[in-house]
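Below is one structure; the comments refer to it alone.
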Amino acid sequence: MRGMADPSPRAAMLPPSPFVRLTGLLGGTLPGMEPIALSVGEPQGPVPAFVGEILAREAAGFSKYPPIQGSDALRGAIAGWLRRRFVLAYDAVNPDTMILPLNGTREGLFLSLFVIVPETKNGKRPAVLLPNPFYQAYPAGALASGAEPIYVNATRETRFLPDFAALPEETLQRTAAVFAASPSNPEGAIADLAWWRDLFLLSDKYGFAVLADECYSEIYSSPTPPLGALEAALLLGRGLDRLLVFNSLSKRSGLAGLRSGFVAGDPKLIAAYRDFRSNAGPQISGPLQAVSAHAWGDEAHVALNQAIYRTNFEIAQEELGNLPGFRQPDGGFFLWMETGNGVETALKLWREAGLRVVPGQFLANDAGVGAVAGNPGIPFVRIALVNGPETTRAALKRLASVLTGPGT
Ligand SMILES: Cc1ncc(COP(=O)(O)O)c(C=O)c1O
């Protein structure tokens with residue numbers, strides 16, 4: 001019999017962290033060279049000088065509980081950024097009713113499902129659809145809110161984005177929410193207007209929420225900046241019903257440790273989420289809100305980060321461009337490289353060259369559905385290009401030499 005303090009079986013259903021699995025895989029093997037981490041998607045660039053200056057100036061604010069809906073200045077700065085960055089009419093995004101600052105997107109991707117997922121949908125257990133490979137917060141939120149996560153494979157055949165329309169009618173009928181990531185992690189695929197149109201048509205037919213994860217929107221090698229879901233919905237004349245868009249300063253500003261992001265979109269969902277957060281959600285401290293407001297208003301520091309990523313992708317093209325499994329992503333800062341067997345490749349890269357990369361299999365679920373079913377990550381490794389150009393060049397030279405060397 002389960003004891004009173006045993007963890008709930010629901011906790012055991014959460015997928016294991018890819019980084020815990022990676023430590024398990026590499027733990028017993030010594031690195032063949034000085035280690036270089038290409039595993040975590042954590043930008044390694046410098047922290048902009050304004051962060052320290054504003055924190056010093058605003059330090060008195062640490063003694064106060066901050067407002068749950070964020071300061072007017074922060075919501076205004078986010079609205080201003082949305083209007084500048086995307087094709088949006090001035091009044092398309094009301095900062096008072098359509099924007100909520102968050103502790104990074106991860107918080108919202110998990111918690112927002114609590115106000116979206118019903119007990120049942122059309123008499124059945126609700127489903128939450130997510131791309132496979134996926135970001136861990138998606139299935140965690142789905143399971144914690146009582147829904148069944150359904151892992152929809154994103155493969156070469158579907159241009160590395162999930163094809164939700166191909167799911168059975170029975171699944172779509174009970175779908176409460178769909179996660180859509182563009183640019184996607186790990187594949188770096190960008191959804192175009194036609195892809196969003198198809199998803200919005202499904203959302204309107206089956207009445208599910210669309211949760212657009214756009215935290216990589218500022219990192220791209222496509223000639224034009226990635227289209228956002230808000231602007232796609234408005235360009236299509238559809239309005240923002242059931243649409244929430246998540247973004248953050250973690251990748252754009254290289255401030256992953258600041259824990260600052262936002263959700264924007266459907267005022268009904270924003271109001272419900274704000275009320276829920278006011279009981280159970282974490283606030284962002286006042287001084288960090290002041291830093292965040294400045295960061296959304298400043299593009300100079302973002303341009304510096306973008307230049308580093310651009311150089312890294314040029315280096316990747318030079319060092320790896322001739323390898324058969326290499327593909328230049330349109331957005332984000334990962335290479336999603338097909339090497340035959342990602343687990344074997346990750347072990348070999350560690351053992352022979354001290355390179356830490358994540359096997360694609362660890363980022364995806366075995367129960368993936370789609371034209372190609374199963375775990376779509378098996379042949380891939382994910383390589384995070386988040387170091388400076390010098391380290392990136394050294395790492396990718398080692399990588400090319402292992403992948404083209406004897407025994408491969
Ligand atoms: C796809 C994706 N979504 C969300 C996040 C979470 O980012 P944040 O720091 O904004 O919580 C990450 C972080 O790695 C991510 O890769």
Side-chain angles (χ1 to χ4, degrees), residues 15 17-19 22 37-45 47 51 70 74 78 81 99-113 128-142 149 151-152 154 160-162 177-191 210-220 226 228-229 244-264 277 281-282 284 288-289 291-292 295-296 302 305 309 329-336 358 360 362-365 377 382-386:
S17 150
F19 301 108
L22 184 62
L38 304 169
S39 42
V40 185
E42 181 184 62
Q44 302 294 310
V47 170
V51 174
L74 176 53
I78 293 169
W81 178 75
I99 291 175
L100 193 56
L102 304 175
N103 275 259
T105 52
R106 178 184 165 110
E107 178 227 303
L109 297 167
F110 177 77
L111 278 185
S112 61
L113 287 175
V128 170
L129 312 184
L130 34 125
N132 198 33
F134 57 89
Y135 179 61
Q136 298 289 308
Y138 309 159
Y151 301 85
V152 186
F160 291 108
L161 291 168
V178 172
F179 282 103
S182 172
S184 65
N185 167 7
E187 311 91 327
I190 294 179
V210 172
L211 307 179
D213 179 357
E214 300 190 346
C215 67
Y216 292 98
S217 67
E218 302 319 282
I219 301 162
Y220 50 89
L244 292 179
V245 169
F246 299 82
N247 213 319
S248 100
L249 296 171
S250 297
K251 321 290 176 182
R252 163 191 154 83
S253 301
L255 292 173
L258 187 68
R259 309 311 306 135
S260 182
F262 70 85
V263 56
R277 279 185 102 252
I284 310 173
L288 298 192
Q289 291 197 40
V291 172
S292 306
W296 287 112
V302 181
N305 289 335
Y309 295 122
D330 291 330
F333 46 50
F334 299 106
L335 296 178
W336 184 235
V358 186
F362 293 0
L363 298 163
N365 193 284
R382 188 187 79 171
I383 302 161
L385 297 188
V386 289

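Just follow the structure's listing: the first ligand is 1, and inside any ligand the first atom is 1. Predicted model, so just to flag it, every value in this text is computed and none were measured. By convention here, the first residue in the shown sequence is residue 1.
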Is it the case that more than 12 heavy atoms not belonging to R259 sit under 6.0 Å from its CZ atom?
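Counting other residues, nucleotides and ligands, CZ of R259 exceeds 12 neighbours.
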
N or O contact, N185 vs ligand 1, cut-off under 3.5 Å:
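Checking ligand 1 against N185, an N or O pair does fall under 3.5 Å apart.
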
Looking at ligand 1, does any of its N/O atoms fall within less than 3.5 Å of an N/O of Y135?
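Such a contact does not occur with ligand 1.
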
Using the ring of each side chain (for Trp, its six-membered ring), is Y138 parallel, tilted or perpendicular to F179, with breaks at 30° and 60°?
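The arrangement is parallel - the two ring planes meet at less than 30°.
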
Under 3.5 Å: donor-acceptor pair, side chain of [X], backbone of [Y]:
X	Y	result
E218	K251	no
S184	A189	yes
N247	E214	yes
S248	S250	yes
R277	P282	yes

Closest approach of any protein heavy atom to [atom], naming residue and atom:
atom	value
atom 14 (O) of ligand 1	K251 NZ, 2.8 Å
atom 8 (P) of ligand 1	T105 OG1, 3.3 Å
atom 3 (N) of ligand 1	D213 OD2, 2.6 Å

Suppose I only count heavy atoms of [X] and a 4.0 Å limit; which atoms of ligand 1 are within that range?
X	result
S250	8 (P), 9 (O), 10 (O)
G104	10 (O), 11 (O)
R259	8 (P), 9 (O), 11 (O)

Determine whether any heavy atom of [X] lies closer than 4.0 Å to an atom of ligand 1.
X	value
E42	no
E107	no
F246	no
L109	yes
G261	no

Side chain to side chain, S112 and E107, heavy atoms closer than 4.5 Å
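S112 does not reach E107 side chain to side chain.
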
Looking at every heavy atom in both V358 and P18, which two are closest together, and how far apart are they?
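Heavy-atom minimum between the residues: CG1-CB, 4.4 Å.
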
